[in-house]
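Input: a single structure, listed below in structure tokens.
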Amino acid sequence: GVAFLCWSLALGFAPNTSRVGNLIFLAPFLSLILVHYILGESIYSTTWVGLLLIIAGLVFQKLREKENL
């Protein structure tokens with residue numbers, strides 16, 4: 001419930017909700033990093049490749065937004 005409230009507030013305060021929406025793609029990887037450092041789980045190289053693809057997609061989306069303005 002608290003996480004939903006925080007998310008709802010973030011969407012309410014954001015001038016552009018798509019920026020807040022993009023954070024949802026990074027949340028699983030932030031969790032993986034926390035699990036790695038707190039629990040000592042290993043992170044596979046394919047996970048890093050996936051992270052790079054997601055970041056590249058977000059950057060591509062940002063560049064497309066600038067072209068359309």
Side-chain angles (χ1 to χ4, degrees):
V2 174
F4 178 77
L5 179 62
C6 290
W7 184 257
S8 178
L9 288 172
L11 286 174
F13 287 122
N16 188 352
T17 56
S18 66
R19 288 186 180 186
V20 178
N22 286 338
L23 293 176
I24 198 71
F25 296 111
L26 298 177
F29 292 101
L30 293 175
S31 298
L32 277 174
I33 291 171
L34 288 174
V35 166
H36 171 71
Y37 286 113
I38 293 173
L39 299 177
E41 294 279 332
S42 62
I43 299 176
Y44 298 111
S45 60
T46 53
T47 304
W48 293 112
V49 171
L51 176 61
L52 289 175
L53 289 173
I54 289 173
I55 291 173
L58 293 173
V59 168
F60 179 72
Q61 177 184 3
K62 186 69 172 171
L63 292 175
R64 294 281 302 206
E65 285 177 1
K66 286 184 179 181
E67 287 180 1
N68 290 335
L69 293 177

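One-based numbering along the sequence shown. Only heavy atoms go into these numbers, but all of them, side chains included; no hydrogens, no water, no symmetry mates.
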task = State the CD1-CH2 distance between Ile55 and Trp48, to the nearest 0.5 angstrom.
result = 9.0 Å
inquiry  = As a quick check of understanding, evaluate side chain to side chain contact (heavy atoms under 4.5 Å, CB included) for Leu9 and Leu5, giving each step before the final call.
reply    = CA-CA 6 Å; Leu9 288 172; Leu5 179 62; 4.2 Å; yes
message = Would a single hydrophobic cluster contain both Leu63 and Ile54, if residues Ile, Leu, Val, Met, Phe, Trp and Tyr are joined by side-chain heavy-atom contacts under 4.5 Å?
response = yes
query = Is a donor on one side and an acceptor on the other found under 3.5 Å between the side chain of Ser31 and the backbone of Ala27?
reply = yes
query = Just how far is it from atom CG of Leu51 to atom CD1 of Ile33, taken to the nearest 0.5 Å?
reply = 7.0 Å
request  = Calculate, to the nearest 0.5 Å, the distance between atoms CG and OG1 belonging to Leu52 and Thr47 respectively.
outcome  = 11.0 Å
task = Indicate the atoms forming the closest heavy-atom contact of His36 with Glu41, along with that distance.
result = ND1-O, 2.6 Å
Linked, directly or transitively: Val35 and Leu30 (ILVMFWY side chains, under 4.5 Å) = no
